[in-house]
Undergrad: 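Before I ask anything, let me first share the structure, which is written out below as structure tokens.
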Amino acid sequence: MTLHPKITAQENELTLDDVFTTPKLTGTTPSQPIWAPNSKHFAFSWNEPGVSGRGLWVSTSHGKEVRLLSNAKSASVRDLAWVDANTILSLRGNHLWQTRLQQGEDSQYMPLETGAHNLSMAPSGKQVAYIKEGDLWLANLSSKQNRQLTEIGIASLSSLPKGRYSRPEREIGPGIWSGPTYKWSPDGQTIVFHVVDRREMRKVSFPDYLAEETNPNEVRRSYPGDPNEIRRVGLLDVASGQITYLDLPEPHANQVIDFNWSPNGTLLVDTASDTAVERKLYVVAPGASKLREIWRGVRESRMYTSFGSSWHPNGKQVVFLSDMGDRYGLYTIDASPSKDRPQLITDPSYDVLSAPISAGNAIFYAGNGVNPYEQHIYRVNMSGGKPEQLTQLAGRNIGYPSPNGQHLVFMHSNDIAPPELYVANSNGGDATRITHSPLPAFTERSWTAADYVSFPSLVDDYTLHARVLKPSNMQPGKQYPVIFGPVYSNTARNRWAGNYSLVQQLLVQKGYIVVQVDSRGSNGYGRAFREEFLLGFADQDIEDYASAVAYMESLDYVDPDRIGIWGSSYGGTLSVYSLLMKPGLFQVGVAAAAAVDPMFFGTDDVAIVRRPQTHPEIFERKALKYAANLEDKLLFIHGLQDHVVPFKTTAVLAEELIKQGKDFDFAFAPSATHGWSREQYYGRYLFGKLIEYFDRHLGTPTD
């Protein structure tokens, strides 16, 4: 099966300098929109093409009036919160600014503590809370005074504020990978907050070679089987400052997914084990601190998964995202003591892809009901009826319903369009586009759209799916090189992927066919396909790529002797292991930030590999054990400040390859993190190396 979108010709030559130019070709991506409490306006930070910084923008609920309200001379907007239907507070520099819609006023209001972030307005509208250095602070809007509410934050060990694990020793905030920060109770008397304590995690050195003298630069960074972060939930009495901690079991082995208040002040706490095997929902009665479990789900085969929960509009039931069925779905359960089992409220034929959002008398969520490649927004009315699809634009859509549920703002992107805000009436009608972000140099150029294809697996009965971009000017009888990448799960998606999308367009323009495959572990194809990734990293999913290579080689316009693969993080892992486990499958591989030794995975990775104490055989699958198999061209890319995949692991593999007399290449960046292309200069340099490597080894047909 093949879906054929229109493929347009490139009119102007795209260069690597274009991809990493300033300002970016794609402009400024709008921030998440924040609705006014009366649902008549929403605000967001953004700037028009070619303008630096972020301004404060406000749109009416129907999108017919969109205005820039911030002072052009003020600092960039970092955060915002509605005081009431007419007033917005925004964080710019170290000051709160006040913006009044009807009066058209925008003025500096009061200072906040340096480093303030995570603004949240009190229900009374008289105070705003924020986080500074791991502690909660309160700004009084009448007296314009700041008050510290907690003394929890402890500064990071690291002297280099860079990298995923360069985090405070203890803080109010999310975990390394996920979790909530804090939320006001409906009456404004209590704040529930998430504390993460990392002082029991091991210390790991990530040397800073750019310091005047090499700095060992220790961070807290555990490995599978080690103690993880300790994650706790506290209740702060705002008036007295007294803190009560909830008695959550095993805080070193369980993550806090989220917490939410019901309208009457009952607290919902959503947790899951680090292994993802166990999921629990608790409630805490108003004014109390005792947890009562309302649901537990246990499944040994569960791995990396999507979780989320919210209160039903009636405030008496809980709506939660779960994988109890073959597909992810939303379920309701009574929060009172009862024997009721969860009830599915969404369509079991497709996956729900987001946490539920309660608005008006409905629940809004994202799902892949159209096809696995697209994400749309759906609504299910709690008064009855089937779920309704609200978005129609093909691609990826992320929804933000108004408080009354009557309007929907959504962020849309697709293969050839970066993210933009749209707004629509929830009851139907065309969407109105709010932002136009790309520079003229982007909009005036034609971009290559993708084909979405399916083909049989060579090893079992699964049907596999892929995203394919082809040169626009392909000539009959000519064979073209193929590059798989960036490889990962969930990549056959109609969405814009930032610089990766621009690099793919550049490769296609240079004459490469670019392919991405939904390998095992991907959503959209049922639980069995997704969970076969458990304990099987760089194993069965490599067979999926072998099937994809066979499919591409069956096409008369593909050169079977010029096929490459590249990816970052686990995509780098796939690239390395593909070359070592199936020599000759790919002629060239580029492995960026590749995880090549499971002993050095993160504590979050126990969800896919478990622990050495329970599954020692999985941790023997080090890439260096297969180093003797390397026959193809291999380029490593790695940042020395990569805390997620330590550079040490690639260095150990490189040493073994050298001992084995193998030829390979290396490109490193002294101060790059796991997101090695985040800094413009590193992205330009390292993607330049990647493209040059493919050009050198795949660009010209072999004799």
Side-chain angles (χ1 to χ4, degrees), residues 79 81-83 89 91 96 110 112-155 167-175 178-199 229-249 251-252 254-271 281-292 309-311 315:
D79 208 346
W82 289 86
V83 179
L89 289 180
L91 180 57
L96 279 180
M110 67 171 285
L112 295 188
E113 292 290 314
T114 301
H117 59 95
N118 279 83
L119 290 183
S120 181
M121 186 63 55
S124 66
K126 297 179 180 179
Q127 303 174 103
V128 62
Y130 60 90
I131 299 290
K132 180 214 171 183
E133 295 178 351
D135 276 303
L136 267 169
W137 287 68
L138 198 63
N140 187 301
L141 301 181
S142 299
S143 66
K144 298 186 179 180
Q145 298 296 310
N146 291 279
R147 175 166 65 98
Q148 186 171 348
L149 295 178
T150 64
E151 295 183 356
I152 289 172
I154 300 175
R167 301 283 288 275
E169 288 278 87
R170 187 175 66 190
E171 65 175 327
I172 294 177
S178 65
T181 300
Y182 72 96
K183 292 176 183 177
W184 288 91
S185 64
D187 61 10
Q189 296 181 18
T190 307
I191 295 176
V192 59
F193 60 87
H194 185 224
V195 174
V196 183
D197 191 334
R198 305 183 174 96
R199 290 173 294 174
E229 305 168 305
I230 294 174
R231 292 142 294 185
R232 304 178 71 193
V233 175
L235 299 173
L236 170 71
D237 184 286
V238 177
S240 69
Q242 180 178 346
I243 294 173
T244 303
Y245 286 99
L246 303 182
D247 188 21
L248 289 167
H252 62 282
N254 290 282
Q255 57 183 304
V256 178
I257 303 299
D258 202 358
F259 39 58
N260 286 291
W261 297 96
S262 75
N264 74 348
T266 300
L267 180 65
L268 167 67
V269 182
D270 190 345
T271 69
L281 297 175
Y282 301 93
V283 293
V284 180
S289 60
K290 185 177 180 181
L291 292 159
R292 179 168 56 81
S309 55
S310 179
W311 284 96

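Here, residue 1 is the first one in the sequence, and each next residue gets the next number.
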Undergrad: If you take all heavy atoms of M110 and N140, which pair is closest and at what distance?
TA: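 Result for this residue pair: SD-O, 3.9 Å.
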
Undergrad: Using every non-hydrogen atom in the two residues, find where A139 and N146 come nearest and quote the distance to one decimal.
TA: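 That would be CB-OD1, 3.7 Å.
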
Undergrad: Indicate yes or no for a side-chain donor-acceptor contact from R167 to the backbone of G175 under 3.5 Å, with no hydrogens or angles considered.
TA: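 Flag set: sc R167 to bb G175 pair under 3.5 Å.
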
Undergrad: To the nearest 0.5 Å, what is the distance between CG (L119) and CG (L96)?
TA: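 If we round to the nearest 0.5 Å, L119:CG and L96:CG are 6.0 Å apart.
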
Undergrad: How long is the straight-line distance from NE2 of H194 back to CG of D258, given to the nearest 0.5 Å?
TA: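 One gets 10.0 Å once the value is rounded to the nearest 0.5 Å.
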
Undergrad: Could you pull out the closest heavy-atom pair between L141 and G125, with the gap in Å?
TA: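 Scanning both residues, the minimum pair turns out to be CD1-O, 3.5 Å.
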
Undergrad: Within the distance-only criterion (no hydrogens, no angle test), does the side chain of R231 pair as donor or acceptor with the backbone N or O of H252 below 3.5 angstrom?
TA: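 Yes, the answer is positive, given that a donor and an acceptor are paired below the 3.5 Å cut-off.
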
Undergrad: Using every non-hydrogen atom in the two residues, find where T181 and I172 come nearest and quote the distance to one decimal.
TA: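 Here T181 and I172 meet closest at O-CG2, 3.8 Å.
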
Undergrad: Show the nearest heavy-atom pair for residues Q127 and M121, with the distance to one decimal.
TA: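 Nearest pair, atom of Q127 first, then M121: O-SD, 3.3 Å.
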
Undergrad: So, the side chain of W311 versus the backbone of P263: is there a donor-acceptor pair under 3.5 Å, distance only?
TA: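 A pair under 3.5 Å: no.
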
Undergrad: Backbone N or O of A129 within a donor-acceptor pair of the Y182 side chain at under 3.5 Å?
TA: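 Such a contact is found between Y182 side chain and A129 backbone.
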
Undergrad: Between D79 and N118 (side chain of the first, backbone of the second, donor and acceptor by atom type, cut-off under 3.5 Å), is there such a pair?
TA: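 Present.
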
Undergrad: Roughly how far, to the nearest 0.5 Å, is the CZ atom of F259 from the CG atom of L268?
TA: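 Here the rounded value is 11.0 Å.
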
Undergrad: Classify the side-chain pair S310/N260 by whether it contains a donor and acceptor separated by less than 3.5 Å.
TA: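 There is no such pair between these side chains.
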
Undergrad: State the OG1-CG distance between T271 and L281, to the nearest 0.5 angstrom.
TA: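 CG of L281 is found 7.5 Å from OG1 of T271.
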
Undergrad: Relative to the ring of W137, is the ring of Y130 parallel (under 30°), tilted (30 to 60°) or perpendicular (over 60°)?
TA: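 If you compare the ring of Y130 with that of W137, the planes turn out parallel.
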
Undergrad: Quick check: are there more than 12 heavy atoms from other residues, nucleotides or ligands sitting under 6.0 Å from CD of Q148?
TA: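 Above 12, so yes.
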
Undergrad: Where the side chain of R232 meets the backbone of L246, is there a donor-acceptor pair that is under 3.5 Å apart?
TA: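 Looks like no, no N/O pair under 3.5 Å.
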
Undergrad: Supply the atom-to-atom distance R170 CZ to I152 CD1, rounded to the nearest 0.5 angstrom.
TA: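 Answer for the CZ-CD1 pair, R170 versus I152, is 6.5 Å.
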
Undergrad: Less than 4.5 Å apart, any side-chain heavy atom of P180 and any of V256?
TA: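 Yes - at least one pair of side-chain heavy atoms lies under 4.5 Å apart.
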
Undergrad: Does the pair E171 and R198 meet the rule for a side chain to side chain contact (heavy atoms under 4.5 Å, CB included), with working shown?
TA: CA-CA 9 Å; E171 65 175 327; R198 305 183 174 96; 2.9 Å; yes

Undergrad: Just wondering, do V195 and T150 contact through their side chains at under 4.5 Å, heavy atoms?
TA: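 A side-chain contact is absent here, since even the closest heavy-atom pair is not under 4.5 Å.
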
Undergrad: V238 and I191: which non-hydrogen atoms are nearest, and at how many Å?
TA: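 Closest approach of V238 to I191, heavy atoms only: CG2-CG1, 3.8 Å.
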
Undergrad: Count the heavy atoms belonging to other residues, nucleotides or ligands that lie under 6.0 Å from CG of D247, then report whether that count exceeds 12.
TA: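 Open.
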
Undergrad: Between CG of L248 and CD of Q255, what distance do you get to the nearest 0.5 Å?
TA: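 Reported to 0.5 Å precision, the distance equals 12.5 Å.
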
Undergrad: When you look at I131 and L136, which way does the side chain to side chain contact (heavy atoms under 4.5 Å, CB included) test go after all the steps?
TA: CA-CA 5 Å; I131 299 290; L136 267 169; 3.8 Å; yes

